[in-house]
Amino acid sequence: MLDEFLTFINNKNLINSSDKVLLAVSGGMDSVVMCDLFSKAKIDFAIAHCNFGLRGEESNEDETFVKKLSIKYKVPFFVTTFQTAEFAENEKVSIQMAARILRYQWFEKLRVQHQFDYIATAHHQNDVLETVLLNLTKGTGIAGMHGIQIKNGVIIRPIWFAEKEQIFDYVVENQIIWREDSSNESNKYQRNLIRNEVVPLLKQINPNLEQTIQQTVERIAAVEEIFYQEIEMLRKQIVWSDGKVFFVNYKAIQTLSQPIVKLTELLKPFNFTYQQCQEIFASFDKEPGRTFLSPTHELVKDRTELVITLKNLTSFESRVIEANDTKVRTDSFQLDFEIFDRPEDYKVPTAKKYACLDADKVRFPLQLRKYKEGDWFCPLGMNKKKLISDFLTDQKVPLNLKKETYLLTSNGSTMWVVNQRVDDRFKVTDKTTRILLIECFS
């Protein structure tokens with residue numbers, strides 16, 4: 001199997017000799033075999049394990065087993081624990097979908113932080129078969145017809161070529177120990193029902209079902225490649241981002257053939273379903289402000305665009321800023337502070353990323369916090385109060401971006417709506433002798 005493994009990754013150009021790969025390891029037979037193959041192939045890898053907390057002490061024992069596996073292979077080990085059932089209930093998704101969303105978000109975070117080139121999962125031919133059947137049963141588009149891809153961006157499946165029997169033969173031959181997940185025998189999970197009941201019946205009709213499905217998948221994948229070339233061209237034309245927020249020109253979508261299918265593909269990275277995309281499309285001719293939620297993102301139908309932001313799964317804690325602080329960082333941006341005597345020929349910068357204030361009107365410590373309903377300030381150029389929510393509406397800030405608006409306050413008074421406008425009470429005047437200059441870096 002090692003020779004087939006090496007031939008497969010070489011023919012499919014999955015891994016180069018200099019690549020670092022993060023292996024998703026549950027402790028089950030498939031992922032343990034994948035570890036052993038990587039070790040024997042002398043590929044640079046690390047192990048990541050998710051404890052979903054769904055099987056009590058058995059889940060903890062899996063974690064311990066995988067940790068010992070990392071010691072055996074002398075590779076880095078990463079582990080995290082998820083409140084999977086709680087996440088599934090809150091997001092109104094299945095346990096399986098919740099686990100998928102949580103683990104892939106975490107894997108990607110690890111990949112970026114530790115500079116891995118790829119994330120490898122231990123899916124194989126039987127998984128491909130089960131996935132195709134499950135997708136067909138529940139309803140699917142073209143992507144669901146190919147089952148599990150060999151390579152999808154940074155996600156690779158290096159044992160995709162193997163069948164379950166071949167993997168079992170490998171563990172017997174090499175005397176490999178693995179953990180058996182007791183939930184695999186329970187037909188309350190849809191995939192298990194397909195595996196345990198449906199596949200055996202279909203194999204009575206076609207004993208070579210796995211090979212047949214593999215050939216079908218390869219043909220569909222070729223058609224899919226043509227389809228996605230068109231989708232990617234469309235994405236470049238009507239989807240753009242500032243790095244954190246995504247915008248989609250929905251007016252352009254209304255002119256397309258099969259607009260809902262194409263909208264579904266454009267919104268797939270944000271985990272919106274086909275049914276939701278039908279509702280989103282129906283909202284195009286309705287008033288702006290309608291909000292749609294996926295398990296990971298929030299979409300607001302604005303005046304001419306769909307505005308998509310990552311859901312704020314953790315609350316922002318306010319920051320206290322002292323007079324001697326020169327930099328303050330959040331997950332979204334950085335503020336740089338500088339106090340200096342005003343030069344005679346000084347020109348106040350007007351870009352929104354700057355707050356140029358009269359330093360003698362500012363009282364430290366300052367507070368950086370998110371805006372809330374009821375907050376007000378006196379916008380620069382006005383001598384009266386205005387609710388910040390009304391100001392943001394006037395500035396045509398979409399609803400989901402309003403929630404991500406930050407205020408910088410002095411002694412309880414708002415002196416800057418960050419990246420928007422300063423308060424008139426703190427502005428630089430002819431009498432200003434010292435300046436507080438703040439610059440925001442996104």
Side-chain angles (χ1 to χ4, degrees), residues 239-247 249 300 302-305 307-310 316 318-319 321-372 375-410 413-442:
V239 181
W240 65 98
S241 172
D242 64 1
K244 297 183 182 298
V245 183
F246 288 83
F247 303 88
N249 178 356
V300 172
D302 204 36
R303 292 164 179 80
T304 60
E305 302 157 342
V307 183
I308 306 166
T309 55
L310 188 67
F316 171 81
S318 64
R319 304 284 175 83
I321 302 163
E322 303 291 350
N324 59 349
D325 290 335
T326 59
K327 295 182 186 294
V328 173
R329 292 183 177 88
T330 74
D331 291 338
S332 305
F333 56 83
Q334 173 181 303
L335 298 181
D336 284 6
F337 294 78
E338 182 183 4
I339 297 177
F340 54 89
D341 292 333
R342 179 186 182 183
E344 290 185 9
D345 58 348
Y346 185 74
K347 294 184 178 180
V348 175
T350 57
K352 289 183 177 182
K353 70 173 186 173
Y354 292 105
C356 189
L357 309 169
D358 188 324
D360 293 321
K361 295 177 182 177
V362 176
R363 296 291 177 266
F364 285 91
L366 309 179
Q367 183 185 34
L368 178 67
R369 64 173 176 83
K370 281 192 174 180
Y371 124 90
K372 58 182 182 292
D375 282 329
W376 61 271
F377 78 138
C378 297
L380 182 66
M382 297 177 59
N383 59 3
K384 61 180 180 179
K385 297 180 180 179
K386 189 177 187 71
L387 286 173
I388 292 174
S389 60
D390 292 341
F391 169 78
L392 295 174
T393 298
D394 292 344
Q395 298 300 306
K396 299 183 178 179
V397 177
L399 181 62
N400 45 353
L401 298 189
K402 283 185 180 181
K403 299 174 184 178
E404 298 301 316
T405 300
Y406 291 81
L407 308 182
L408 190 62
T409 68
S410 171
S413 297
T414 298
M415 61 183 201
W416 187 28
V417 180
V418 177
N419 269 340
Q420 291 290 341
R421 193 173 298 181
V422 300
D423 189 293
D424 196 77
R425 295 167 294 173
F426 295 87
K427 69 182 179 182
V428 173
T429 68
D430 292 341
K431 297 179 180 179
T432 299
T433 59
R434 292 192 315 137
I435 286 176
L436 168 60
L437 182 66
I438 311 168
E439 185 174 1
C440 181
F441 296 90
S442 298

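Predicted model only: the values in this text are computed from it and were never measured. The figures that follow rest on heavy atoms only: side chains count, while hydrogens, waters and symmetry mates do not.
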ask   = Side chain of Asp302, backbone of Glu305: donor and acceptor closer than 3.5 Å?
value = no
inquiry  = Using 0.5 Å steps for rounding, measure from the NZ atom of Lys347 to the SG atom of Cys356.
reply    = 13.5 Å
ask   = Is the backbone N or O of Cys378 less than 3.5 Å from a side-chain atom of Asp423, with the two atoms forming a donor-acceptor pair by type?
value = yes
inquiry  = Check this for me: does any side-chain nitrogen of one of Asp375 and Arg369 sit under 4.0 Å from a carboxylate oxygen of the other?
reply    = yes
inquiry  = So that I know where these two stand, are Phe377 and Phe426 an aromatic pair - ring centroids less than 6.0 Å apart?
reply    = no
note = d(Asp394 CG, Leu387 CG) to nearest 0.5 Å is 10.5 Å
ask   = Heavy-atom count around Lys386 NZ within 6.0 Å, excluding the residue itself: above 12?
value = yes
task = Please tell me if the side chains of Ile435 and Ile339 come closer than 4.5 Å, counting only heavy atoms from C-beta onward.
result = no
task = Using the side-chain contact (heavy atoms from CB on, under 4.5 Å) rule, take Val328 and Phe337 through it: C-alpha gap first, then chi angles, then the decisive distance, then the call.
result = CA-CA 8 Å; Val328 173; Phe337 294 78; 3.9 Å; yes
task = Could you tell me whether a side-chain N or O of Thr409 sits under 3.5 Å from a main-chain N or O of Ser413, the two making a donor and an acceptor?
result = no
ask   = Does the side chain of Leu408 come within less than 4.5 Å of Gln367's, by heavy atoms?
value = no
remark   = Nearest heavy-atom contact between Gln420 and Phe391 is CB-CE2, 3.9 Å
remark   = Shortest non-hydrogen pair, Leu335 vs Cys440, comes out as CD2-CB, 3.7 Å
ask   = What closest approach, in Å, do Glu322 and Pro365 show between heavy atoms, and which atom pair accounts for it?
value = OE1-CB, 3.7 Å
key: Side chain to side chain, Trp240 and Asn249, heavy atoms closer than 4.5 Å   = yes
note = When rounded to the nearest 0.5 Å, the distance separating CZ of Arg342 from CG of Asp345 is 10.0 Å
ask   = Are the charged groups of Arg434 and Asp341 less than 4.0 angstrom apart, N to O?
value = no
query = Would Thr433 and Asp360 count as a side-chain contact (heavy atoms from CB on, under 4.5 Å) if you check the C-alpha gap in whole Å, the side-chain angles of each, and the deciding distance to 0.1 Å?
reply = CA-CA 8 Å; Thr433 59; Asp360 293 321; 3.3 Å; yes
request  = Keeping the roles fixed (side chain from Ser410, backbone from Arg363), state whether a donor-acceptor pair exists under 3.5 Å.
outcome  = yes
message = Is there a side-chain contact between Lys427 and Leu380 in this structure, where contact means two heavy atoms from C-beta onward sitting under 4.5 Å apart?
response = yes
Side chains of Leu392 and Tyr371 in contact at under 4.5 Å (non-hydrogen atoms) = yes
query = Within a strict 4.5 Å, meaning less than it, do heavy atoms of the Leu366 and Met415 side chains meet?
reply = yes
key: Asn400 side chain to Val307 backbone, donor-acceptor under 3.5 Å   = yes
task = Check the surroundings of atom CG in Asn383: do more than 12 heavy atoms from other residues, nucleotides or ligands lie under 6.0 Å from it?
result = no
request  = Please lay out, stage by stage, how Met382 and Asp424 fare under the test side-chain contact (heavy atoms from CB on, under 4.5 Å).
outcome  = CA-CA 7 Å; Met382 297 177 59; Asp424 196 77; 5.8 Å; no
Nearest non-hydrogen partners of Thr393 and Arg303, listed with the distance = O-NH2, 4.2 Å
key: Side-chain heavy atoms of Arg421 within contact of Lys352, under 4.5 Å   = no
task = Verify whether one side chain among Asp358 and Thr432 offers a donor that lies under 3.5 Å from an acceptor in the other.
result = yes
ask   = Can you tell me how far the NZ atom of Lys402 sits from the NZ atom of Lys370, to the nearest 0.5 Å?
value = 15.0 Å
task = Decide yes or no for Val418 and Leu368: does some side-chain heavy atom of the first lie under 4.5 Å from some side-chain heavy atom of the second?
result = yes
note = dist Ser318:OG -> Leu407:CG (nearest 0.5 Å) comes out at 11.5 Å
inquiry  = Between Trp416 and Ile438, does the side-chain contact (heavy atoms from CB on, under 4.5 Å) criterion hold? Intermediate values first, please.
reply    = CA-CA 10 Å; Trp416 187 28; Ile438 311 168; 3.6 Å; yes
query = For Lys431, does its backbone N or O pair with a side-chain atom of Thr429 as donor and acceptor, under 3.5 Å?
reply = yes
